[in-house]
Amino acid sequence: MTRRLLSTALAAALCLAALPAAAQGFGAVERNQSAFSPALGRPLVYNVYRPASAPKDGARWPVLFLLEGRPSESDWLDQGFVFEIIDRAVDEGVIPPTLVVMPVAPFSWYIDNADPGGQGMMATAIARDLTGAIDARYPTAACREARSVGGLSMGGYGAVLFGLDHPDAFGAAMSFAGAITPPIAPKDAERLARADAFYDGAFGRPLSRERFNAWNVFTRARAAADRPGQRAAFYIAAGDRDRAGLLQSATLLHVTLGRRGFDSTLRIGPGAHDWETWRRQLGEALAWLGPRLDPSCGQEVAGASKNAASP
């Protein structure tokens, strides 16, 4: 085992040791799972955290899709210790026992990209194919009321994108230090050059300003506001020592969503663009998410009505 893996394992063990005894061992991690994606024409790999016990009395698990940052494949597990955060939240009653799915999609930017050598139709693969495969494999509540999406950095951008484009699939979206920027202006050659070096060919090689702007979350927010029907709720978090551009864009996105009638919450707290900050942000966001998860999919559960008249 390498020194890095040893230090990671030790950190994970220390985090788990800090949990109350009742919470230890709540969930199980399943790595390198896969589901065939027609959109990609190949299997889509994912990691998963599942509650230790099956749902009781016909209940179903809600699902949280957690999207990785730009180069990552399993950092939510290896550095984010998501299992510890979810265990604690479940133990404290912040959220119900929840399945957490972490797709492996490095450098994809969570968009559809049919270019030769590109990452493929990843947005469709996750929002359509993977959600369906998860609902078929696990006892999940297959509805938007019980399904949410979150992510950090590149994954934060993807989470907002999915919340805007697929409100029928995701009822809530959470962005932690999302790599969110406004569209590129026609004459901004300097920014276009920087973007070409940063976005891994996701928007074309060289980067197409038109494609980038079409997939931009500010562009998508305008389009989503004009569509009738359901809307996702958004939680946008950033650290006060994060990159200035990300702080500005997080605030601008929150204002944009609010002005267009979306339910948007902005949290700027202490922290930088690092895992200490993202772990804390996820824990805080779960308190926001918990009341928004409805594993009954809007169906009244027998004997659970709070408004039932007393005999």
Side-chain angles (χ1 to χ4, degrees), residues 66-76 78-82 85 102 105-111 119 122 149-164 173-204 206-209 211-221 234-259 262 264-285 288:
L66 271 183
L67 308 183
E68 301 276 0
R70 181 172 168 232
S72 305
E73 297 187 6
S74 60
D75 279 359
W76 271 116
D78 299 334
Q79 298 189 64
F81 312 135
V82 66
I85 297 170
M102 294 151 277
F107 306 109
S108 70
W109 287 90
Y110 301 103
I111 68 165
Q119 298 296 323
M122 192 59 70
V149 59
L152 66 93
S153 197
M154 180 186 79
Y157 161 81
V160 173
L161 190 67
F162 285 167
L164 291 169
M174 303 175 293
S175 171
F176 312 118
I180 292 164
T181 60
I184 301 175
K187 296 183 179 180
D188 195 343
E190 180 181 352
R191 187 174 166 215
L192 185 62
R194 292 199 309 269
D196 185 46
F198 183 70
Y199 285 101
D200 312 300
F203 304 97
L207 183 139
S208 164
R209 185 183 69 86
R211 280 171 62 177
F212 178 86
N213 288 349
W215 280 99
N216 191 276
V217 294
F218 291 95
T219 305
R220 305 298 250 219
F234 294 88
Y235 183 97
I236 303 165
D240 59 4
R241 289 180 286 109
D242 208 329
R243 303 162 191 172
L246 297 188
L247 276 169
Q248 293 171 355
S249 293
T251 304
L252 179 59
L253 178 62
H254 168 67
V255 172
T256 299
L257 291 172
R259 286 176 175 173
F262 291 92
S264 178
T265 297
L266 176 66
R267 292 287 183 268
I268 297 178
H273 204 77
D274 57 30
W275 274 104
E276 180 182 356
T277 303
W278 299 327
R279 286 191 291 266
R280 183 176 62 252
Q281 287 174 345
L282 175 59
E284 293 168 351
W288 172 89

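Numbers here simply count residues along the sequence, with the first being 1.
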Do you know which two heavy atoms are closest between [X] and [Y], and how far apart they sit?
{"X": "I180", "Y": "L253", "result": "CD1-CD2, 3.6 Å"}
{"X": "G151", "Y": "A159", "result": "N-CB, 3.9 Å"}
{"X": "A173", "Y": "G163", "result": "CB-CA, 4.1 Å"}
{"X": "N216", "Y": "F218", "result": "OD1-N, 2.9 Å"}
{"X": "S249", "Y": "P182", "result": "OG-CD, 3.7 Å"}
{"X": "R279", "Y": "I85", "result": "O-CD1, 3.7 Å"}

> Taking only residues two or more places apart in sequence or in another chain, which ones pass salt bridge (charged side-chain N to carboxylate O under 4.0 Å, His left out) with R70?
Replying inline: D200

Roughly how far, to the nearest 0.5 Å, is the [atom2] atom of [Y] from the [atom1] atom of [X]?
{"X": "S72", "Y": "M102", "atom1": "OG", "atom2": "CE", "result": "12.5 Å"}
{"X": "F107", "Y": "E73", "atom1": "CZ", "atom2": "CD", "result": "8.5 Å"}
{"X": "Y157", "Y": "Y199", "atom1": "OH", "atom2": "OH", "result": "8.0 Å"}
{"X": "L266", "Y": "S175", "atom1": "CG", "atom2": "OG", "result": "10.0 Å"}
{"X": "I111", "Y": "M122", "atom1": "CD1", "atom2": "CE", "result": "10.5 Å"}

Enumerate donor-acceptor pairs with a distance under 3.5 Å from any side-chain N or O in residues 183-190 to protein atoms, sequence neighbours excluded.
from	atom 1	to	atom 2	distance (Å)
D188	OD1	R191	N	3.1
E190	OE2	R194	NH1	3.4

>> Under the criterion side chain to side chain contact (heavy atoms under 4.5 Å, CB included), I'd like the reasoning laid out for V217 against T256: C-alpha separation, chi angles, the key distance, then a yes or no.
In response: CA-CA 10 Å; V217 294; T256 299; over 6 Å; no

>> Determine whether Q281 and R267 satisfy the following criterion, side chain to side chain contact (heavy atoms under 4.5 Å, CB included), listing intermediate values before the conclusion.
In response: CA-CA 9 Å; Q281 287 174 345; R267 292 287 183 268; over 6 Å; no

>> If you apply the rule ring-ring contact (aromatic ring centres under 6.0 Å, His included), what do you find for F198 with W109, and how did you get there?
In response: CA-CA 11 Å; F198 183 70; W109 287 90; 5.7 Å; yes

Between [X] and [Y], is there a donor-acceptor pair closer than 3.5 Å when you use the side chain of the first and the backbone of the second?
{"X": "D242", "Y": "L247", "answer": "no"}
{"X": "T219", "Y": "N213", "answer": "yes"}
{"X": "W76", "Y": "L67", "answer": "yes"}
{"X": "E68", "Y": "A105", "answer": "no"}

>> With heavy-atom distances below 4.5 Å as the criterion, would you say the side chains of D75 and L152 are in contact?
In response: no

>> For a 4.5 angstrom cut-off between non-hydrogen side-chain atoms, does F203 reach R209?
In response: no

> Would you call the rings of W288 and Y235 parallel, tilted or perpendicular, where under 30° means parallel and over 60° means perpendicular?
Replying inline: tilted

